[in-house]
Number of protein chains: 2
Amino acid sequence: MNLKELSQNLGLSQTTVSRALNGYPEVSPTTRRRVEEAARTFNYSPSTRAKGLATGQALAIGHVIPLSSKHEMVNPIFGDFIAGAGETYARHGYEMILSIVDDASERRIYEGLKSRRAVDGVVVHGPRMDDPRIGLLQALELPFAVHGRASGYGKPYAWLDVNNRSAFKRAADFLFDLGHRRIALINGLEVMDFAHRRRDGYTASLQSHGIDPDPALMRSGEMTEVFGYQSTRDMLKPDNAPTAILCSSLISALGVRRAIEEKGLTMGKDVSVITHDDALSYLQNGGDVPIFTATRSSVRDAGRQLAEMLLNAIADPHMTPQTQLLEAELMVGSSTGPAPRKD
Amino acid sequence: MNLKELSQNLGLSQTTVSRALNGYPEVSPTTRRRVEEAARTFNYSPSTRAKGLATGQALAIGHVIPLSSKHEMVNPIFGDFIAGAGETYARHGYEMILSIVDDASERRIYEGLKSRRAVDGVVVHGPRMDDPRIGLLQALELPFAVHGRASGYGKPYAWLDVNNRSAFKRAADFLFDLGHRRIALINGLEVMDFAHRRRDGYTASLQSHGIDPDPALMRSGEMTEVFGYQSTRDMLKPDNAPTAILCSSLISALGVRRAIEEKGLTMGKDVSVITHDDALSYLQNGGDVPIFTATRSSVRDAGRQLAEMLLNAIADPHMTPQTQLLEAELMVGSSTGPAPRKD
DNA sequence: AGGGAAATCCAAAGCGCTTTGGGAATTGCG
DNA sequence: CGCAATTCCCAAAGCGCTTTGGATTTCCCT
């Protein structure tokens, strides 16, 4: 069923039917109702392609997900982020189109989306330090919004980020208050902008407490369970093992806990752990009482909001880029406690 | 830059340029080369919408991801599956469009995709027992392929599935061979078809060893870490605790291990564990030696292949539906060992 | 009753592409 | 050299929608 057939069926012109369906005022309430009802019974919706062609809009947003080329790792937060963004799109009648792409071909993908006019805008995932994509997208004049930020890029652009620096500073401060002095950091890859900022917050806290960061207590890698486990096992070996660990991901934190318990130590007593928690739907941090003390910020909310920002920017292209900084909340669980006394 | 401009620029008709670009034979090699070069320098690609409108194809595949309405849980395997499917689409010039949707509105989404002619086909995720979506899609005449199967549906349809039944039967058999007699099952939600089949395999193995399934040793729920932990903790309490546990997901298995170790027991010695492993990129089962003995099947491969099947079905609509049954491999890790002797 | 404003509706152009149905130029062959 | 067969290219229609620029009808006031 298409517009032509529907309008013939109703004895109206295509114009009138189209206007009735799109809420234009120059249609009497009676006809509008008649048209809407017919559309429903014939199960008619306008063809996306034809509509897009006629209006010049794509009514679609592109998400380009980078695939870490080394380990072929798909970021585990991406499912929940997408779920949030998808909600927003659905509400506004937009479609989400997805490309998962290794770093090498990313540029070509953006150019393709632009020249094929496949999307009205894109969301940039996983920004790195000095990420070249932002410059590229501005040059292409393709509207975009970044989940995270790219330190080192000069001009303004739309982004939404967790305040990673303050979250990790606050977490480290919290550990200092509990009496910890040797605090380790198990971080994501530090080419990633978020990891860099977390490290910044961590070192800032150390320094404000008069402690020099010890390279032996800082690890950086892809945030798997095994990575958390191995890093922790290594660090717990020497005499001056850390009494507390700051961890960048709940998945790695599971490995941290495993290494601690394997050593016969108790988490929250012998070694305190704070992790960042993206509030992923399939990885809840315990039940009512969180297992891990965590800096928490829902990545699904982030998806919802960033999508909203991008749609705004598309609706009004002359707007100055919106930005939004979310503060993570510190949720105290049972994985932290006072630093053990040295005997 | 559009076709018209490009063809004017070249002093050719739109027809010729279009044909040159699409590989039609009635264009001289010289002109073809000239056209291709011009397209490259002007960075021209045909508009997806216009092309789609003209050809009647969408050049897009829809993925409708169900959001477990109760816990709002996004299936953690979905990122890797999508990554695999996306590879196939990219190779064939297709786009992937995504909707994440709660069960209630799923029907409307499929109908919408169909009536808006937004996609050429869809992939069905997370089929349940007697899943109504399959009948719906056949009625809509929208080509589709299912990741998994729906027991209880009569007519043939395209699917790709892991042989869950044989995998879990084999895993249980393996445990029997090691001398285990009390084997527990920590399963996904048993409305999900895959979970049902796994249970089938499990009970088949028990019965073939002359053992009646004990409801006290069978749990079913959403496969979180906490679910694995709590189920295991509960089951390890009574005197006749299981000596082995079959687990449906690596994430839950992490919880299983935690509960075991918390009890002061050793996994692989006091309690053996076998888990299913979807080979997710962010959840590797250890390094060279797997931590968990596991039935393993890459969900990313599944994505690649299912996408291929769907594209075939779209290319030739009269083909009888393809199906594919993948066998999981049993990888022996350090989480299994001989049943502890009763003293 | 008569005039203009308001309310309704419509025909046709245009969005950017593919494709049908030729037409003109070139080639091959007797 | 002449004619048919190729080769190469083109004009125009059509995909399903929106939107411009009227045309017609109804309504309200004086």
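Proteins come first, then strands; the chains are lettered A, B, ... in the order of their sequence lines, and each starts at number 1. Here the structure is a predicted model, which means the values were calculated and not measured.
Ion pairing between Asp80(B) and Arg300(B) holds under the 4.0 Å rule for side-chain N and carboxylate O.
Under the 3.5 Å distance criterion, the side-chain polar atoms of Lys114(A) are matched with a main-chain donor or acceptor of Leu140(A).
Atom CD of Glu26(A) has more than 12 heavy atoms from other residues, nucleotides or ligands within 6.0 Å.
When only modelled atom types and interatomic distance are considered, Gln322(A) and Tyr157(A) share no side-chain donor-acceptor pair under 3.5 Å. Judged by distance alone, the side chains of Thr16(B) and Ser13(B) do bring a donor and an acceptor atom under 3.5 Å apart.
Gln8(A) places its CD atom 14 Å from the C1' atom of dC10(C), with the value rounded to the nearest Å. The separation between Glu26(B) atom CD and dC8(D) atom C1' is 9 Å, rounded to whole Å. Remark: P of dC8(D) and CZ of Arg33(B) are 12 Å apart, rounded to the nearest angstrom. One atom, CG of Leu10(A), and another, P of dC9(C), lie 11 Å apart when rounded to the nearest Å.
Comparing the helix axis at one end of the helix from dA1(C)-dT30(D) to dG30(C)-dC1(D) with that at the other, each defined from 5 consecutive pairs, gives an inter-axis angle of 40° (nearest 10°).
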For nucleotides 16-21 of chain D, give me one character per nucleotide, 5' to 3': B if any protein heavy atom sits under 4.0 Å from the base, S if the only such contacts are to the sugar-phosphate, - if neither.
BBBBBB
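Annotation: side chain to side chain contact (heavy atoms under 4.5 Å, CB included) contacts of Asp102(B) (sequence neighbours excluded): Ala104(B), Ser105(B).
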